[in-house]
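Report on the following structure.
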Amino acid sequence: MSPMEEKHPSFLAHHFVDTEQQFSAGRLGMWLFLGQEVLFFGGLFMAYAATRYLYPETMLAGHEFLDKTMGSINTVVLITSSLTMGLAVRAAQTSKQKPLIMNLTLTIALGCVFLLIKYFEYSHKFEAGFLPGKFYTGQGIEGIPHIFFGIYFVMTGLHGLHVLVGIGVLTWILSRAMKGEFKSEYYTPVENIGLYWHFVDIVWIFLFPLFYLVK
Amino acid sequence: MSLNTKKHNAHHVMPFKTHFTVFSALLIMTALTIYVSYLNLGEYSIYPAMTIAIIMAFLVAYFFMHLKYDVRFHAIVFFASIFFLAVFMGLTLTDIMTRGEVIPAQGNLVLHDDLAFSENKSVSQLLSPQQTQGTEPAPLAQHHESSSLDLQKGESGYKRHCATCHVLDTKLIGPPIREIAQIYKGNPKGIHDWVRNPGKKRKDYTQMPPIAPSTLNDADLMAIANYMLQIGGAGN
């Protein structure tokens, strides 16, 4: 690299003093966003808690209709995708192009598997008439099943939307990676999407037991 | 300039071993939480499930999200947001978990004035006989014809749908249950009809919103009506 390039590499944006500051700012921005996401999902977890406290019989009955096997598989899928995501970041940190591409691709693939399983789960529910709110036409659950499924679909649906957006961004990062943009001097975007993806995994780590496992 | 101390270096490359160890731990704990869910712990099943979930989330945050190696401020941001979430949930639950448990002798001006005016009367004479404990009225199942199961259903339905506005002896947002029981003595259907389509009888009360059958079906509503008549002293 020319002396000029060393001071101003192409990936350094002009409003930053040096690459370290850019890296720090990027990460802080992502953490602040994740802080907001905690509260964003937190509001929904509060709705779950209130409904669970006031209508335990509905929660118990409704939960029987959720497919524990599919939920468990999805948990393993997401945890594995967190592993591949971490390995992708590591590959970028060590400027190893092939593992970077491979792990990004695996993460995207696992994300798609998660959504596919969700699609099967949801279509079973729609067939049985287990729909949210006023669309509910199911049978066999006492209390307020339309509210239960309202909360179920909003929470898992919103989470699924986050997975979908993550897949979209990961695809973009993958295409940039294939052009050779990422190396140990600059891997901020990979790091940041990694943080986002791990967070989405954490939300599922709570969603899964609360809906599928707990009575 | 840059935060590159050895301790808090986000450029720290996590060894493969750490990645795979954490991954294995997460898989094992997933298996564990699924196993525990088959143990039939009933209402207690949430405790082990949440404990395991919190440990798993911590592992993801501490290792996969590099909080172990990173600038401490990022951990502060993350845990601060969790703290505020806890405040939000905790305070909201103090409302939800105490519905129907308004203690008339605490914090109500009307009863306070009564007590102040007749201070030589004992509190137990002023309050209803059932309320010497100061909490919700004791179930009167053994004295009346309604089955105890119906009364329990009525009581829990009352807590859920009515207790925020109506308590036994005190005006809250709505009239006290004792009054309601006097008005609808022997006529639970009257209470039912009012709930479905509340009129506006009095100036000093706000308009009661109707409660639709989709929120509270007829059977449960009648159970609540009967419960109110019982505790209001106007039973069958």
Can you confirm whether or not the ring centre of A/Tyr187 sits under 6.0 Å from the ring centre of B/His11?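 Yes.
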
Identify which part of [X] has an atom lying under 4.5 Å from any heavy atom of chain B, answering side chain, backbone, both or neither.
X        : answer
A/Val203 : neither
A/Leu60  : neither
A/Tyr55  : both
A/Thr19  : neither
A/Ser82  : both
A/Ile202 : side chain

Flag yes if more than 12 heavy atoms outside [X] fall under 6.0 Å of its [atom1] atom; otherwise flag no.
X        : atom1 : result
B/Tyr205 : OH    : yes
A/Phe16  : CZ    : yes
A/Lys183 : NZ    : yes

Relative to chain B, which of [options] shows the most heavy atom pairs under 4.5 Å?
options                             : result
A/Gly43, A/Gly86, A/Ala50           : A/Gly86
A/Leu83, A/Leu87, A/Asp201, A/Val89 : A/Leu83
A/Ile144, A/Thr94, A/Leu28, A/Val76 : A/Leu28

If we only count heavy atoms from C-beta on, is the [X] to [Y] side-chain gap below 4.5 Å?
X       : Y        : result
B/Ser81 : A/Glu37  : no
B/Phe88 : A/Phe45  : no
B/Met50 : A/Leu210 : yes

Non-hydrogen atoms of chain A under 4.5 Å away: do they reach the side chain of [X], the backbone, both or neither?
X       : answer
B/Met89 : both
B/Phe63 : neither
B/Ile54 : both
B/Leu39 : neither
B/Asn40 : side chain

Which atom pair, heavy atoms only, marks the closest approach of [X] to [Y]?
X        : Y        : answer
A/Ile79  : B/Leu27  : CG2-CD2, 4.4 Å
B/Ala57  : A/Phe206 : CB-CE1, 3.7 Å
B/Met65  : A/Leu195 : CE-O, 3.4 Å
B/Val71  : A/Arg27  : CG2-NH2, 4.1 Å
B/Arg160 : A/Leu54  : NH2-O, 2.6 Å

B/His74 and A/Trp31 aromatic ring geometry - parallel, tilted or perpendicular at 30°/60° bounds: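 Parallel: the ring planes of A/Trp31 and B/His74 meet at under 30°.
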
Output the option from B/Ala86, B/Ala75, B/Ala53, B/Ala49 having the highest count of non-hydrogen pairs under 4.5 Å with chain A.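 Ranked by contacts with chain A, first place is B/Ala53.
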
Who wins among B/Val77, B/Leu216, B/Thr30, B/Ile46 for the most heavy-atom pairs under 4.5 Å with chain A?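 Sorted descending by pairs with chain A, the first entry is B/Ile46.
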
Might you work through the side chain to side chain contact (heavy atoms under 4.5 Å, CB included) test for B/His19 and A/Arg90, ending with a clear yes or no? CA-CA 10 Å; B/His19 279 281; A/Arg90 188 185 191 282; 3.9 Å; yes

Just verifying a value: how many Å separate [X] [atom1] and [Y] [atom2], rounded to the nearest 0.5 Å?
X       : Y        : atom1 : atom2 : answer
A/Met46 : B/Leu91  : CE    : CG    : 10.0 Å
A/Phe40 : B/Leu85  : CZ    : CG    : 13.5 Å
B/Thr33 : A/Ile205 : OG1   : CD1   : 10.5 Å

Evaluate the criterion side chain to side chain contact (heavy atoms under 4.5 Å, CB included) for residue pair B/Ile34 and A/Phe208; output intermediate values, then yes/no. CA-CA 10 Å; B/Ile34 295 171; A/Phe208 170 60; 4.0 Å; yes

List the steps and the verdict of side chain to side chain contact (heavy atoms under 4.5 Å, CB included) for A/Phe199 and B/Phe78. CA-CA 11 Å; A/Phe199 179 75; B/Phe78 189 55; 4.2 Å; yes

Carboxylate-amine/guanidinium contact B/Lys153 A/Glu57, below 4.0 Å: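 The answer is no: the pair does not qualify as a salt bridge.
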
State whether a side-chain donor-acceptor pair under 3.5 Å links B/Ser214 with A/Lys134.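 Judged by distance alone, the side chains do not pair up.
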
